[in-house]
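Have a look at the structure below, then the notes.
Chain letters run A, B, ... following the sequence lines, proteins first and then strands; every chain starts at 1.
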Amino acid sequence: MKDQYRPQDIESAAQARWTKQRAFAASEDANKPKYYCLSMLPYPSGKLHMGHVRNYTIGDVITRQMRMRGFNVLQPMGWDAFGLPAENAAMQNNVPPAKWTYENIAYMREQLKALGFAIDWERELATCQPDYYKWNQWFFLRMREQGIAYKKTGVVNWDPVDQTVLANEQVIDGRGWRTGAEVEKREMPMYYLNITRYADELLNALDGLDGWPERVKTMQANWIGKSEGAEIHFPCHSFGGDSAIKVFTTRADTLMGATYVAVAAEHPLALKVAANNSGVAKFIEECRKGGTTEAAIATQEKRGMPLGIEAEHPLTGERLPVWVANYVLMNYGEGAVMAVPAHDERDFAFANKYELPIKQVVACENYNDTEWRDEYSDKQRLLVNSGKYDGLGFEAGTDAIAADLEAKGLGKKRVNFRLRDWGISRQRFWGCPIPLIHCEACGEVAVPDEQLPVTLPEDLVPDGSGNPLNKCAEFLNVKCPQCGGDAKRETDTMDTFVDSSWYFLRYTSSDNHSAMVDARADYWMPVDQYIGGIEHAILHLLYSRFWTKVMRDLDLLQADEPFRNLLTQGMVLNHIFFRKESAGRIEYVPPGDVDVEYDKGEIVSAKRKSDGAPVEYDGIGTMSKSKLNGVDPQGMVEQYGADATRLFMMFAAPPEQTLEWSDTGIEGAWRFLKKVWQFAVDNCALMGDAKPFDWSKASDDVRAARRDIHEALKQANADYERKQFNTVVSAAMKILNALPKQATPDEAALVSEGCSILLRLLAPITPHIAQQLWSDLGFGDDIIDAAWPEHDDAALKSNVIELVVQVNGKLRGRVSVPSAADREAIEAAAMNDANVQRFVEGRTVRKVIVVPGKLVNVVVA
RNA sequence: GCCCGGGUGGCGGAAUGGUAGACGCAGCGGACUUAAAAUCCGCUGGCCGAAAGGCCGUGCCGGUUCAAGUCCGGCCCUGGGCACCA
């Protein structure tokens with residue numbers, strides 16, 4: 001074996017060996033339990049960043065460990081290749097998005113290979129390949145046939161200068177990022193997927209996802225947002241007939257306290273009034289400004305205006321003013337609310353601002369209608385000022401009022417979800433075309449299955465003024481499949497979340513060109529372990545669950561849920577710097593190009609290295625392409641090797657924890673691997689002997705060292721089980737520290753067993769060095785085929801144990817007792833300690849708590 | 001604004017109600033070396049003390065417990081998500 005640890009040599013050799021063996025090419029095998037280990041596919045942004053290294057190392061550690069434990073493991077990889085950054089790069093560099101994307105994929109694939117991940121590359125896919133997105137289109141048409149995909153209008157961000165739709169990311173402080181123009185909301189026809197049809201199942205099935213983090217399930221449940229309440233009709237005759245304003249409320253019990261009705265700015269009634277009322281029209285116009293995100297809407301100043309019409313209270317017939325208010329959301333409930341200012345915080349603030357009446361109907365002492373207190377909305381209190389409903393509680397009051405409303409045909413109990421249907425239409429080029437054709441004679445016609453895929457031209461370059469497909473005659477002009485007349489193709493493409501909602505299924509059947517998935521999907525599904533960033537906790541994971549259920553209902557799949565176990569990786573954060581260009585445009589500056597001045601740990605000033613000009617600090621945030629704060633692992637891999645990089649990433653923090661980027665510590669990982677190598681070189685003559693050894697005849701030192709090793713192994717296995725890999729690494733370090741550096745022949749069994757354990761523990765994390773030493777030291781040919789190490793209980797036994805003695809909970813001494821000592825003997829030994837006596841002397845012992853194997857606590861008065 | 005996390009030495013972190021700071025990084029001291037690098041050994045939360053030992057200490061305030069970083073209530077700061085970034 002070589003004297004020096006040189007990762008460049010051993011890493012490429014190990015990778016070549018695995019490739020030649022097709023070691024990670026998975027096939028369906030009935031003789032072994034299957035294990036599908038999946039990491040979220042990367043967006044091919046150009047280069048890997050540390051977040052990718054973290055994500056894929058976690059997946060690889062699990063993959064390799066499960067393989068050594070005897071599972072038939074599949075770990076595939078692909079590319080989430082459609083999306084906005086490719087269009088931006090295209091505009092900047094005047095290259096087609098396809099070229100940019102495929103070049104990025106080629107580069108990043110080599111980076112992944114250099115990191116030695118145990119990936120089955122034969123199943124690789126990219127979502128921008130026609131062979132992949134053909135099935136998006138095929139399945140979209142099946143959903144359209146079922147009514148799951150349907151058309152309605154939706155709101156988008158509109159840049160009035162560029163005359164184009166903007167993504168939320170392109171709206172900064174309510175203005176377009178390129179033009180600086182104030183963004184408007186605009187309605188457009190779009191396709192939606194009817195995810196709300198599955199709302200109940202998506203919510204209830206969370207209970208069965210035992211392998212998911214509680215926090216993710218809570219986030220999904222809150223997102224789905226099931227509310228039990230009532231639909232109530234407030235009759236309104238202003239525009240003739242017997243129409244009514246419908247509202248949804250979770251507090252029907254407080255109906256007698258309703259003093260006005262408020263509708264959203266987009267509500268049909270508001271629009272009708274606006275037709276003849278320029279003040280209202282102007283207000284609605286104002287509400288159209290600004291972004292469409294919930295955050296933008298929720299943080300804006302609450303404003304409203306009377307519509308000048310009235311609605312009838314459904315029980316009392318009292319006339320209530322109708323207002324338009326920007327805090328009412330059109331896409332939640334009915335787009336209208338009954339306002340009960342006395343018992344709803346937002347209504348309270350609104351009523352106080354516009355001097356609307358406030359009527360208390362729930363018992364609260366010292367009610368004050370100018371200062372809000374949370375008890376006003378407490379559901380535990382009883383109704384007052386509510387006529388026949390006085391004295392009822394929340395549930396009884398709701399039931400009684402709902403029953404009376406139902407009898408009058410003016411309402412009923414109802415469940416409402418916060419979840420909205422999923423709008424998938426995008427007015428953008430670099431995405432999967434929606435397979436529809438618009439014919440003047442036949443209307444909207446589906447592209448026939450045999451004409452799929454509708455292929456996206458790969459040579460167009462967007463220019464920022466909208467979707468280039470609209471100017472591409474070759475794509476646009478088509479014959480109608482029904483009548484054969486001239487027709488136009490749909491130019492909207494699909495949300496990229498569509499692509500990522502089922503890619504994990506395509507891996508199982510990636511070579512099948514005649515079906516979306518086949519029976520192999522039922523062999524591999526569900527995914528046994530899914531790993532990806534916590535930022536995907538809601539949207540991607542919810543859409544994938546929905547998509548899986550739809551495929552099940554269309555008999556394409558047996559699985560109900562896609563992901564059995566979920567590990568949400570904490571994000572890798574880095575500092576963000578930027579400066580404002582003219583026209584309000586923001587230019588981000590990579591942290592590596594910034595010199596920073598600190599004062600008491602806080603950044604006080606920053607300058608760009610390349611030109612010395614000041615830059616602004618925008619805090620710390622996730623590594624992202626758009627903010628240019630990603631760190632490329634390439635330099636680290638070249639200098640220290642893949643193993644040291646992987647080890648460092650795993651050692652830096654537990655997988656689920658957020659990690660602020662810093663490269664201090666890579667030296668430590670590198671040093672550790674050098675020490676492992678040196679230990680192997682120094683002791684190689686004693687290794688590989690697998691003869692049984694009688695440890696009871698070994699010296700005390702050898703047995704003590706072996707106990708430390710097996711204790712560390714036990715801890716490491718528990719930590720592998722709970723996926724806390726940073727402490728697995730520290731256990732490996734402890735094992736190396738416990739082994740003699742230059743062993744004597746008497747220690748041969750100890751170093752041989754210890755080294756064999758150490759290499760197998762490290763094999764999932766640092767597979768190259770583990771493979772090289774395993775074969776050099778004669779333990780076997782391939783460590784990936786070695787059995788997983790388990791600790792020996794006999795090695796953990798000890799004659800004497802040390803206990804901690806506390807007096808009133810404070811540490812006062814330590815005593816050694818035989819491990820077989822009983823309670824009395826332990827107590828006596830504890831009381832005998834000189835320092836303990838100092839603190840007990842002259843005081844009364846109230847009780848003595850003995851925690852076996854741990855401590856004694858003497859409680860004195 | 002709403003929903004979900006996090007806050008422990010100079011730094012990354014460990015501690016599944018039971019010894020706070022494992023394992024590392026950085027730093028300091030020493031060995032080896034003509035020298036440097038590399039390597040090896042030792043020290044390293046703060047304050048008091050010659051030492052033994054003591055007092056303080058896990059974002060802040062309060063509570064439960066023999067015992068709280070860990071459980072409960074309130075607050076502050078910070079990260080993620082909020083439906084067109086992926």
Got a donor-acceptor pair under 3.5 Å from the side chain of R722(A) to the base of rU16(B)? no

Does rC11(B) have its OP1 or OP2 closer than 4.0 Å to a side-chain nitrogen or oxygen of T664(A)? no

N/O donor to acceptor pairs below 3.5 angstrom from side-chain atoms of residues 731-742 of chain A, sequence neighbours left out:
{"from": "K734(A)", "atom 1": "NZ", "to": "Q715(A)", "atom 2": "OE1", "distance (Å)": "3.4"}
{"from": "N737(A)", "atom 1": "ND2", "to": "M733(A)", "atom 2": "O", "distance (Å)": "3.4"}
{"from": "Q742(A)", "atom 1": "NE2", "to": "D682(A)", "atom 2": "OD2", "distance (Å)": "3.4"}

Presence of salt bridge, K714(A) and E711(A), under 4.0 angstrom: no

Return the orientation label for the F546(A) and Y198(A) ring planes: parallel under 30°, perpendicular over 60°, tilted otherwise. perpendicular

C1' atom, rG12(B) versus rG21(B): distance in rounded Å? 13 Å

Please state the P separation for the pair rC60(B) and rA68(B) - nearest whole angstrom. 16 Å

Aromatic ring pairing Y56(A)/H52(A), orientation class (parallel under 30°, perpendicular over 60°, tilted between): parallel

Stepwise, does the ring-ring contact (aromatic ring centres under 6.0 Å, His included) test hold for Y530(A) with W212(A)? CA-CA 10 Å; Y530(A) 197 28; W212(A) 280 42; 8.5 Å; no

Residues in contact with RNA chain B, drawn from residues 724-734 of chain A - heavy-atom cutoff 4.0 Å: Q724(A), N726(A), T727(A), S730(A), M733(A), K734(A)

K847(A) versus V859(A): any side-chain heavy-atom pair under 4.5 Å? yes

Ranking rG80(B), rA86(B), rC4(B) by distance to the side chain of T218(A), first place goes to rC4(B)

Mind running ring-ring contact (aromatic ring centres under 6.0 Å, His included) on Y133(A) and F82(A) for me, showing each step along the way? CA-CA 10 Å; Y133(A) 67 69; F82(A) 276 136; 5.6 Å; yes

Rounding to a whole Å, what distance do you find between Q300(A):CD and rC82(B):P? 18 Å

Closest approach to the side chain of V804(A), judged atom by atom: which nucleotide of rU19(B), rG24(B), rC82(B) is it? rU19(B)

Which of the following nucleotides, rC66(B), rG80(B), rG24(B), is nearest to the side chain of M219(A)? rG80(B)

Of the listed nucleotides rA86(B), rG80(B), rG13(B), the one nearest the side chain of L84(A): rA86(B)

Among the nucleotides rG79(B), rG18(B), rA15(B), which one has an atom lying closest to any side-chain atom of L573(A)? rG79(B)

Would you sort out whether L761(A) and Y720(A) count as a side chain to side chain contact (heavy atoms under 4.5 Å, CB included), showing the intermediate values? CA-CA 9 Å; L761(A) 268 190; Y720(A) 260 119; 3.8 Å; yes

Between rA83(B) (P) and R426(A) (CZ): distance, integer Å: 11 Å

Return whichever of A295(A) or K302(A) has its heavy-atom-nearest nucleotide of RNA chain B closer to the 5' end. K302(A)

Distance check: side-chain N/O of Q657(A) vs OP1/OP2 of rG13(B), anything under 4.0 Å? yes

Expressed in whole Å, how much space separates the C1' atoms belonging to rC41(B) and rC55(B)? 33 Å

Nearest to the side chain of N222(A) - rC3(B), rA15(B), rG1(B)? rC3(B)

Can you check the distance between rG10(B) and rU65(B), where both ends of the measurement are the P atom (answer in whole Å)? 34 Å

Less than 4.0 angstrom between a side-chain N/O of N737(A) and OP1 or OP2 of rG24(B), yes or no? yes

Y543(A) and ring pair (Phe, Tyr, Trp, His ring centres under 6.0 Å): which partner among W223(A), W502(A), W422(A)? W422(A)

Rounded to the nearest Å, what distance is computed from the OH atom of residue Y543(A) to the P atom of nucleotide rC85(B)? 10 Å

Taking CE from M650(A) and P from rG24(B), how many angstroms apart are they, rounded to a whole number? 18 Å

Whole Å only: how far is the CG atom of D80(A) from the P atom of rC85(B)? 13 Å

In whole angstrom, give the distance that lies between atom CG of N574(A) and atom P of rG79(B). 13 Å

Taking atom P in both rG57(B) and rG46(B), what distance in whole Å separates the two? 16 Å

Atom P, compared across rC76(B) and rA26(B): separation rounded to whole Å: 39 Å

Any chance you could list the contact pattern along nucleotides 39-62 of chain B? Use B for base contacts, S for sugar-phosphate-only contacts and - for none, protein heavy atoms under 4.0 Å, 5' to 3'. SS------------SSSS------

Picking from rC66(B), rC4(B), rA83(B), which would you name as closest to the side chain of W223(A)? rA83(B)

Hey, can you tell me if W100(A) and Y43(A) have their rings parallel, tilted or perpendicular (30° and 60° cut-offs)? tilted

When rounded to whole Å, the CG to C1' distance for the pair D421(A) and rA83(B) reads 12 Å

Interatomic distance at P, rG27(B) relative to rA38(B), whole Å: 11 Å

Most 5' of A718(A) and I424(A) on RNA chain B, judged by nearest nucleotide: A718(A)

Say we look at rG73(B) and rC3(B): how far apart would their P atoms be, to the nearest angstrom? 15 Å

Determine the contact category for T299(A): base if any of its heavy atoms lies under 4.0 Å from a base atom, sugar-phosphate if only primed atoms, P, OP1 or OP2 are that close, otherwise nothing. base

Based on the glycosidic angle (syn within 90° of 0, else anti), state the conformation of rG17(B). anti

